[in-house]
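Structure first, then comments.
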Amino acid sequence: MNIQNPSVRPLQKMFDEVPRRYDLMNRLLTFRMDERWRRKAAKLCLKDHPSHIVDICTGTGDLACHLARYNPDGARITALDFSEPMLAEACKKFNRQKLTGVEFLFGDVSELPFESESIDVICIGFGFRNLTFKNIKRDLYLSEIYRVLKQGGKLVIVETSQPKNKMIKSLYHLYLLIFVKYIGGFLSGNKKAYHYLSYSAIHYYTPDELKSLLQNNNFKSLNINNLFFGAATLTLAVK
Ligand SMILES: C[S@@+](CC[C@H](N)C(=O)[O-])C[C@H]1O[C@@H](n2cnc3c(N)ncnc32)[C@H](O)[C@@H]1O
């Protein structure tokens, strides 16, 4: 697997340096709403009795934790990421919380290690922006996700978005610019990562743009739900 592709390396390196305070920063910057949003996403994934769910860009495994906790039918759960330090943090967390039933895989979304049409659900928590925002591999990532999903399989995305209301959007951008960029950068000790988060979130897709992107990549039955006045969205797309 070529995970050393130069177009990917800067993002990979950035995430390798993030894990120490990653979870703490997420809770702080979203006033703990991020966990509620991931729980909603996990429940959406587990609906309709899937047999295999893959959490791509799993990071420190927060979404995979919710999947493992609420897995009523014993679905197979795989959690994949291309950052070893992030995966190491996820494994530690699983051990600490005595959670089982998740297989962690080191891998790149551009080359998913699964047969075509073999996966029921692919989910992604706050990683879709990384795959699609000004990323030259965007279409490759989307076609790879599409390839491994079964016909009728689901893609569940929880991601930052753009509020429709102009005043809320301005306040949200101000918060991203001051709180996330400067305070997040300072508290996390990783300025570069939080500058990137602030910049990419400010310029990221609106729900309509996200819808077009997914439709242009052959996904259908799109359902996009606003979370916290549209600061984030929970999206369901079907192959
Ligand atoms: C913002 S974090 C999200 C982590 C987690 N899903 C969450 O809900 O907090 C994005 C993660 O995506 C991973 N990532 C980014 N691009 C990737 C790729 N092409 N293949 C695999 N993992 C990738 C990064 O290493 C990082 O751990």
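Numbering of ligands and ligand atoms starts at 1, following listing order. All of these numbers come straight from a predicted model, not from anything done at the bench.
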Give yes or no for whether the N/O distance cutoff of 3.5 Å, strictly under, is met between S110 and ligand 1. no
Please work out, at 4.0 Å between heavy atoms, whether the side chain, the backbone, both, or neither of F82 comes within that distance of ligand 1. both
Would you check whether C57 has a nitrogen or oxygen atom less than 3.5 angstrom from a nitrogen or oxygen atom of ligand 1? yes
V109 heavy atoms, cut-off 4.0 Å: which ligand 1 atoms fall inside? 18 (C), 19 (N), 20 (N), 21 (C)
So is there a nitrogen or oxygen of D55 less than 3.5 Å from a nitrogen or oxygen in ligand 1? no
If we number the atoms of ligand 1 from 1 as shown, the ones under 4.0 Å from a heavy atom of Y141 are 19 (N)
With only distance considered, is G127 within less than 3.5 Å of ligand 1 through an N or O on each side? no
Less than 3.5 Å between some nitrogen or oxygen of T60 and one of ligand 1, yes or no? no
Looking only at non-hydrogen atoms, the one of A90, G125, P85 nearest atom 7 (C) of ligand 1 is G125
Looking only at distance, does N130 have an N or O less than 3.5 Å from an N or O of ligand 1? no
So, applying salt bridge (Lys or Arg N to Asp or Glu O under 4.0 Å) with D62, which one of R39, R69, R32, R27 is it? R27
State whether the shortest distance between N or O atoms of L63 and N or O atoms of ligand 1 falls below 3.5 angstrom. no
Quick one: does D62 get within less than 4.0 Å of ligand 1, heavy atoms only? no
List the atom pairs, donor and acceptor, that lie under 3.5 Å between side-chain atoms in residues 118-127 and the rest of the protein, sequence neighbours left out.
residue : atom : partner : partner atom : Å
S118    : OG   : E115    : O            : 2.7
D120    : OD1  : K150    : NZ           : 3.0
D120    : OD2  : S51     : N            : 3.1
D120    : OD2  : S51     : OG           : 2.9
D120    : OD2  : H52     : N            : 2.8
D120    : OD2  : K150    : NZ           : 3.4

Can you list the atoms of ligand 1 that are under 4.0 Å from a heavy atom of S83? 25 (O)
When you group the ILVMFWY residues by side-chain heavy-atom contacts below 4.5 Å and let the links chain together, are M25 and L63 in the same group? no
In the single-linkage hydrophobic clustering (I, L, V, M, F, W, Y; side-chain heavy atoms under 4.5 Å), do F186 and I183 co-cluster? yes
So, T132 versus Y204: side-chain donor-acceptor pair below 3.5 Å or not? yes
Would you mind finding which of G61, C123, G59, G107 brings a heavy atom closest to atom 21 (C) of ligand 1? G107
Any atoms of ligand 1 less than 4.0 Å from a non-hydrogen atom of N26? List them with their elements. 9 (O)
Taking atom NZ of K93 as the centre, does the number of heavy atoms from other residues, nucleotides or ligands within less than 6.0 Å exceed 12? yes
Hey, any chance F106 and I77 share a hydrophobic cluster, counting ILVMFWY side chains that come within less than 4.5 Å of each other, even indirectly? yes
Pair S110-D108, side-chain donor/acceptor within less than 3.5 Å: yes
Think K181 forms a cation-pi with Y199, using NZ or CZ under 6.0 Å from the six-ring centre and within 45 degrees of its axis? no
Residue L131 vicinity, atoms of ligand 1 by number, heavy atom under 4.0 Å: 16 (N), 17 (C), 18 (C), 19 (N)
How does Q12 reach ligand 1, if at all, at less than 4.0 Å between non-hydrogen atoms: by side chain, backbone, both, or neither? neither
For residues L171 and L176: do they belong to one hydrophobic cluster (side chain heavy atoms under 4.5 Å, members Ile, Leu, Val, Met, Phe, Trp, Tyr)? no
Would you please classify the geometry between the H66 ring and the Y70 ring as parallel, tilted or perpendicular, with 30° and 60° separating the classes? parallel
